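Below is one structure; the comments refer to it alone.
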Amino acid sequence: MTVSDTNTSIPYYGGEKESLFFTEGVRAFLLFVGSLIAFLLFWEIGARAEWFASGMPTASETLKELWWWVTNPFFNNGPNDLGIGWNLLISLRRVAIGYFLASIVAVPLGILMGISSVARKGFNPYVQLLKPISPLAWLPLGLYVFRDSEVTGVFIIFISSIWPTLINTAFGVANVDQEYLDVAQTLGASRLRTIFKVIIPAALPNIVSGLRISMGIAWLVIVAAEMLLGTGLGYFIWNEWNNLYIPNILVAIFIIGLVGLILDSIFAAVERFVVFGRNS
């Protein structure tokens, strides 16, 4: 009897228990919790021992402020004293409008650039010229042209988030597997039917990836832009800096990161449902 025969005939229950109760997911969770506890302890001790800048709040002080803001999110004591829930909703509203407008422009234009080499060569100089411009460089121009902080915020989101979706859509459409196109042509599908039934579904993973990147950029940009717009999470951070109250700044940073994580997780889930012609 060989060693393999012996291993096959006698089950090893210890391995099953280890795989059941100490899976990769469990190990990753324990690593996350352990590293978080270590970070908070280092922060607490470092702040108390004044290892950091003078006046740096401790982790316990910051968590206490976080709890207060989370349990009192929607008070309204005037335009300069809103609960963090109202500021979050204002930021999300601006992001949603600007992102939606950017998407309905970027996706059709990206499909056109992917299908037509003439359109790709004609529009590509605009993309390469405008894509590297910092979003904050558009802020003074937006305020001058629109004379309205709300419209300016939406404009900044639009001009910043359009490029990843446009580029990824054009790339995905231009690189559709030729076999799919050949089959559609063999079956006598029209050009329009081929676009909607073959090209767009095949390019959908790239399109969603572009939308995911654009959402990340939109959420990143709005916070910086709002520091000059008077409301929103960005203004909340700037106002707390003027008050020199660092714990509230850290609270806002945590909430911004948490919302960004949730938004990215939503798009990551969508990506798993748009796979076309490949294993998920």
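Computed from a predicted model, the values in this text were never measured in an experiment.
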What closest approach, in Å, do Ile237 and Ala252 show between heavy atoms, and which atom pair accounts for it? CG1-CB, 3.5 Å
State whether the number of non-hydrogen atoms from other residues, nucleotides or ligands found under 6.0 Å of Gln178 atom CD is greater than 12. yes
What heavy-atom pair brings Ser116 and Ala119 nearest, and what distance separates the two atoms? OG-N, 3.1 Å
Tell me, with the steps shown, if Val127 and Ile167 meet side chain to side chain contact (heavy atoms under 4.5 Å, CB included). CA-CA 8 Å; Val127 175; Ile167 293 170; 4.0 Å; yes
Test side chain to side chain contact (heavy atoms under 4.5 Å, CB included) applied to Phe254 and Leu66, step by step: CA-CA 9 Å; Phe254 172 79; Leu66 175 63; 3.8 Å; yes
Does Leu166 reach the side chain of Val105, with side-chain heavy atoms less than 4.5 Å apart? no
Linking I/L/V/M/F/W/Y whenever their side-chain heavy atoms sit closer than 4.5 Å, directly or via other members, would Phe273 and Val107 fall into one cluster? no
Is the NZ or CZ atom of Arg147 positioned over Tyr144's six-membered ring, under 6.0 angstrom from the centre and within 45° of the axis? yes
Would you kindly confirm whether Ile90 and Ile255 end up in one hydrophobic cluster when ILVMFWY residues are joined by side chain heavy atoms under 4.5 Å apart? no
Go through it in stages, so that I can follow the logic: the residues are Ile111 and Thr169, the test is side chain to side chain contact (heavy atoms under 4.5 Å, CB included), and I'd like the CA-CA distance, side-chain angles, deciding distance and then a yes or no. CA-CA 6 Å; Ile111 293 172; Thr169 300; 3.8 Å; yes
Quick one: do Tyr245 and Trp68 end up in the same hydrophobic cluster if we chain Ile, Leu, Val, Met, Phe, Trp and Tyr together by side-chain heavy atoms under 4.5 Å apart? no
Main chain of Pro125, side chain of Gln128: is a donor-acceptor contact present, judged purely on distance under 3.5 Å? no
Any donor and acceptor pair, going by atom type alone, linking the side chain of Asn124 with main-chain N or O of Arg120 inside 3.5 Å? no
Give, for atom CH2 of Trp138 and atom CD1 of Ile159, the distance between the pair rounded to the nearest 0.5 Å. 5.0 Å
When rounded to the nearest 0.5 angstrom, what distance separates CG in Asp182 from CD in Gln185? 6.5 Å
So, for Phe75 and Trp69, is the gap between ring centers shorter than 6.0 Å? yes
Does some side-chain heavy atom of Phe196 sit less than 4.5 Å from a side-chain heavy atom of Leu192? yes
Would you say CZ of Phe123 has more than 12 non-hydrogen atoms from neighbouring residues, nucleotides or ligands within 6.0 angstrom? no
Tell me if a side-chain donor or acceptor on Asp177 pairs with a main-chain N or O of Tyr180 at a distance below 3.5 Å. no
Among side-chain atoms of Trp86 and Asn76, is any donor-acceptor pair under 3.5 angstrom? no
Could you check if a side-chain atom of Ser209 sits within less than 4.5 angstrom of a side-chain atom of Glu271, using non-hydrogen atoms only? yes
If you measure only the distance, is there a donor-acceptor pair under 3.5 Å linking the side chains of Thr231 and Arg94? yes
Shortest non-hydrogen separation from Ala203 to Gly172 and the atoms involved: CB-C, 3.6 Å
Path from Leu220 to Ile97 over hydrophobic side-chain contacts below 4.5 Å: no
So among Glu65, Lys64, Met56, which one has a side chain to side chain contact (heavy atoms under 4.5 Å, CB included) with Pro247? Glu65
Arg93 side chain near Glu150 side chain, heavy-atom distance below 4.5 Å: yes
Separation of Leu40 CG from Leu63 CG (nearest 0.5 Å): 6.0 Å
Close side-chain approach of Leu181 and Ile199, heavy atoms under 4.5 Å: yes
Inspect the surroundings of CH2 in Trp241 and state if more than 12 heavy atoms from other residues, nucleotides or ligands are less than 6.0 Å away. no
How far apart are the closest heavy atoms of Glu44 and Ala59, and which atoms are they? OE1-N, 3.1 Å
Connected via hydrophobic side-chain network under 4.5 Å: Tyr126 and Ile133: yes
Would you please say whether a donor-acceptor pair under 3.5 Å links the side chains of Ser214 and Thr165? yes
Within this structure, what is the CD1-CZ distance for the pair Ile217 and Arg212, rounded to the nearest 0.5 Å? 13.0 Å
Could you check if a side-chain atom of Phe236 sits within less than 4.5 angstrom of a side-chain atom of Leu88, using non-hydrogen atoms only? no
Check: Tyr235 side chain, Ala225 main-chain N or O, donor-acceptor pair, under 3.5 Å: no
Quick check: do Ile266 and Met215 have side-chain heavy atoms less than 4.5 Å from each other? no
Assess the pair Phe52 and Phe42: is the distance between their ring centroids shorter than 6.0 Å? yes
Min side-chain heavy-atom separation Val154-Phe146 under 4.5 Å: no
For a quick test of reading the model, state the closest non-hydrogen atom pair linking Ala202 to Val176 and the distance between them. CB-CG1, 3.8 Å
Check the pair Phe32 / Ile37 against side chain to side chain contact (heavy atoms under 4.5 Å, CB included), numbers first and verdict last. CA-CA 9 Å; Phe32 166 73; Ile37 293 174; over 6 Å; no
For Ile222 and Gly153 the tightest heavy-atom approach is CD1-O, 4.3 Å
Separation between CD (Glu226) and CG (Leu139), nearest 0.5 Å, reads 11.0 Å
Point-to-point distance, once rounded to the nearest 0.5 Å, from OG of Ser160 to CH2 of Trp219: 14.5 Å
Should we count CH2 of Trp238 as having more than 12 external heavy atoms under 6.0 Å? no
